Protein chains: 2
Amino acid sequence: MASRVNRPRAGEALGTRNEATRRHNLSSLLTLVHRADGLSRADLTRATGLNRSTIGALVGDLVDAGLVTEEHPETTGVGRPSPVVQPRRDVVALAVYPDVDAVSLALVALGHRIVARERIELPQSPSPAMVVELAADAVAGWVEEGSPRVVGAGVAVPGLVRAEDGLVVRAPHLEWNDEPLGEELAEALDVPVDVDNDANAGLIAESLYGAGQGVSHLIYLNGSTSGIGGAVGVTGSVLRGADGFAGELGHILADPDGLACHCGRQGCLETEVNLQRLEAAAGGPLDHSRLEESLGSSAAVEDELTRQARVLARGIANVTSAFNPRTVILGGFLGLILDRRGDLIRELVVRHTFAPLADSLTLTRAALVEDQVLIGAGELAFRSLLADPLGE
Amino acid sequence: MASRVNRPRAGEALGTRNEATRRHNLSSLLTLVHRADGLSRADLTRATGLNRSTIGALVGDLVDAGLVTEEHPETTGVGRPSPVVQPRRDVVALAVYPDVDAVSLALVALGHRIVARERIELPQSPSPAMVVELAADAVAGWVEEGSPRVVGAGVAVPGLVRAEDGLVVRAPHLEWNDEPLGEELAEALDVPVDVDNDANAGLIAESLYGAGQGVSHLIYLNGSTSGIGGAVGVTGSVLRGADGFAGELGHILADPDGLACHCGRQGCLETEVNLQRLEAAAGGPLDHSRLEESLGSSAAVEDELTRQARVLARGIANVTSAFNPRTVILGGFLGLILDRRGDLIRELVVRHTFAPLADSLTLTRAALVEDQVLIGAGELAFRSLLADPLGE
DNA sequence: GGACTTATGTTGTGTCTTACAACCTAATCT
DNA sequence: AGATTAGGTTGTAAGACACAACATAAGTCC
């Protein structure tokens, strides 16, 4: 089965008929239940505006399809308790996140909770074939334990991904070029696979369950050893561009006199703002899991923080001018810079931005920290199920 | 009546019912007919995938609503000729475009053709009140002549517009600040008014009827005496951002050592690439309606063209990294620069962009030249009618 | 314990929308 | 003139949701 992302069927007609209505309503219901990890029938009635009897019938269909269950609630509040529609935890998506030093794997259940997880540390960055093998092994193990129904897999890759067919065009830190990871994984697991950029996955998770909840226009900037990943969210979807490469904000121009970047240009945001230069200032390697403590506050570190904060602020100002987001979420070590230089950054962003844009802008640190990439990858994989719960 | 843009009704429910199906199908039909300026019933059947009999009923409703007529076609080809569904030319939108030296007004008919037009030259840039007055007078005159049914007005403003309520937050060249133009015009004309940035209007027109037809991801950059306006189109809609200020591409950073910009920063794209500096190189004022001829090709002009082309190329590379468009459309004097320095620009864009992004990028000159802003403004005004042809 | 509140289940009727099949109409080609 | 090709029209059917009526249930509040 081919990898796929939101692919409209070829020659899809514009016309809508009754079955589309039903599909749409089932999709709304299952999406609500998935996002909230359980919701009463009364809540569903209110949220959709549909009639009680209709909700009853639709929920019945979802139960029959093995996607949700109805549970008696632990009673609270006045009135007859409404049965809670619970997403079934044995309906899962595989989330895969290959990084330089490890491959993270998880099962994300309907209801968006992680129900199984594994992190495999590696002496060197993994090949695509190795990722496929590790993923297949993990799934085999998990299937033996419980009996989850794996409806798809989502892969978050630190690099350029052609989301359309899951081709990893370029992942510099993994040293991958034109790897058809989506197709290979789909073949090995025999489920649909969605591949996307790791920042896109992080954005999706933050936007649904983290610092970006309820915000319709947001930008996510994540700083890791692999550089700076960016993603742009607009009214619930991720800006992908013509080929799926939009939002590569690590490579916007930050300083024309800056250092040469591996992308071939100079002064990219990620050559000027990065962990390596912070480490250099700190005088040695940092413990990435305890970054704040290990960084310390020597004069050299403080100076470097200030320098990076200034460049970062200009970068934020630039993307703000282009996208007019309501919120900019900073993850990884960028969150740390925000913590330590928040006032400076905010002041400079205001100075470098057209006033009305800056007025309504919020800068905030990512909320989900550890899990957002995996949850986002799961979200990718669930998308087609949520769009059409009873299948096609 | 308040100005409005795509405003979802408050508390809108997720649920869909039969009436939504019908609204959707009517909307598809009228939109197809409007875009193509007439289409046979057979074409509509094929495009929507709906049944012949359904199309018949829906078209009947549109005829009854006074939106379209059915005409016998000039026969061509084998087989029974299919009646052509024609948009009615007396269903019109008012298009308004205030600029520094003139106010342009037009009636755009359903079918997207301009059916009446007026350009009022002014000794100085107009006030909002004057724009409202001129628009009201023009409409009154046109209503007397024929008897058009004015379903709305669209205003394209060279400045920052809060599309939500039609507030012109800032239009530097008109010297407007926080002018509630949308509300004032709506009150004067008693029709819904949509206000938007002029570049957004231009993008909409180019995207539907010009150089951007069929392209799902595109960027429009327009250069005029008022500076550089930018707009970003994604799958048929314009990126507006949280407040409607997205796509202000004239103010992305082009050269940190550049001149001071009126926006408070320095080295913005429009301080480095502009008509004034071309005029200075040419040694005197240019005839804007015959720009190419009047610019000439003195050594100073050639050098300045090369300089601006270099900066422009870097700007295009930057927005390409951010948005990953398939096409960048250059309008106004930017189109002229592309004509005269196309090879240089293309070479530099490729050099300054991540390779996979540049590979699929096309640079092209705007096609509609004169009319795109007015047609785009009309399109803004038609949007709510097209979304719900039989009203609410 | 009784009144009240909130909420569900079920059933039948009604409305709306599209699909489909059968039949009718129209223009062009050979 | 008849064949061909295409579209229009009409009546019936099926799917989807709304709504009203009635019965039921489980809790809170006093």
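This is a predicted model, so every value here is computed, not measured. In what follows, chains carry the letters A, B, and so on, assigned in the order in which the sequence lines appear, proteins first and then strands, with residues in each chain numbered from 1.
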Inset, instruction - Look at the side chain of B/Arg41 and the base of D/dG8, then say whether one donor and one acceptor between them are separated by less than 3.5 Å. - result: no

Inset, instruction - Could you please name the option among C/dT18, D/dA18, D/dG7 that lies closest to any side-chain atom of A/Ser53? - result: D/dA18

Legend entry - Protein-nucleotide distance (A/Arg23, atom CZ; D/dG15, atom P), rounded to Å: 16 Å

Inset, instruction - Decide yes or no for A/Leu32 and A/Thr48: does some side-chain heavy atom of the first lie under 4.5 Å from some side-chain heavy atom of the second? - result: yes

Inset, instruction - Let me know the distance between CG of A/Leu390 and P of D/dA16, rounded to the nearest Å. - result: 10 Å

Inset, instruction - Decide, yes or no, whether a salt bridge links B/Arg113 with B/Asp371 under the criterion of side-chain N to carboxylate O below 4.0 Å. - result: no

Inset, instruction - Hey, can you tell me if B/Tyr209 and B/His112 have their rings parallel, tilted or perpendicular (30° and 60° cut-offs)? - result: parallel

Legend entry - Under 4.0 angstrom between A/Asn25 side-chain N/O and D/dC17 OP1 or OP2: yes

Inset, instruction - For the pair B/Ser27 (side chain) and B/Arg23 (backbone), establish whether a donor and an acceptor sit closer than 3.5 Å, ignoring hydrogens and angles. - result: no

Inset, instruction - Figure out the CD/P separation between B/Glu71 and D/dG7, and round it to whole Å. - result: 19 Å

Inset, instruction - Using a cut-off of strictly less than 4.0 Å, decide whether A/Arg52 has a side-chain nitrogen or oxygen near OP1 or OP2 of C/dG9. - result: no

Inset, instruction - Starting from the 5' end of DNA chain D, give me the residue, B/Glu70 or A/Leu58, whose nearest nucleotide shows up first. - result: B/Glu70

Legend entry - Nearest to side-chain heavy atoms of A/Thr21, which nucleotide of D/dA16, C/dA19, C/dA22: D/dA16

Inset, instruction - Look at A/Arg41 together with A/Glu70 and state whether they make a salt bridge at an N to O cut-off of under 4.0 Å. - result: yes

Inset, instruction - Looking at every strand, decide which applies to A/Thr45 at a 4.0 Å heavy-atom threshold: base, sugar-phosphate, or nothing. - result: nothing

Inset, instruction - Rounded to the nearest angstrom, tell me the gap between atom CG in B/Leu29 and atom C1' in C/dT18. - result: 13 Å

Inset, instruction - For A/Asp43 and C/dT6, give me the distance from atom CG to atom P, rounded to whole Å. - result: 14 Å

Legend entry - Nearest-angstrom distance from the residue atom CD1 of A/Ile55 to P of C/dT8: 10 Å

Inset, instruction - Ignoring the backbone of A/Arg22, work out which of D/dC17, C/dT18, D/dC19 is nearest its side chain. - result: D/dC17

Inset, instruction - Looking at every strand, decide which applies to A/Thr54 at a 4.0 Å heavy-atom threshold: base, sugar-phosphate, or nothing. - result: sugar-phosphate

Legend entry - Whole angstrom value for the distance that separates P of D/dG8 from CG of B/Leu44: 10 Å

Legend entry - Minimum-distance nucleotide (side-chain atoms of A/Asn51 versus C/dC20, D/dG8, D/dC19): D/dC19

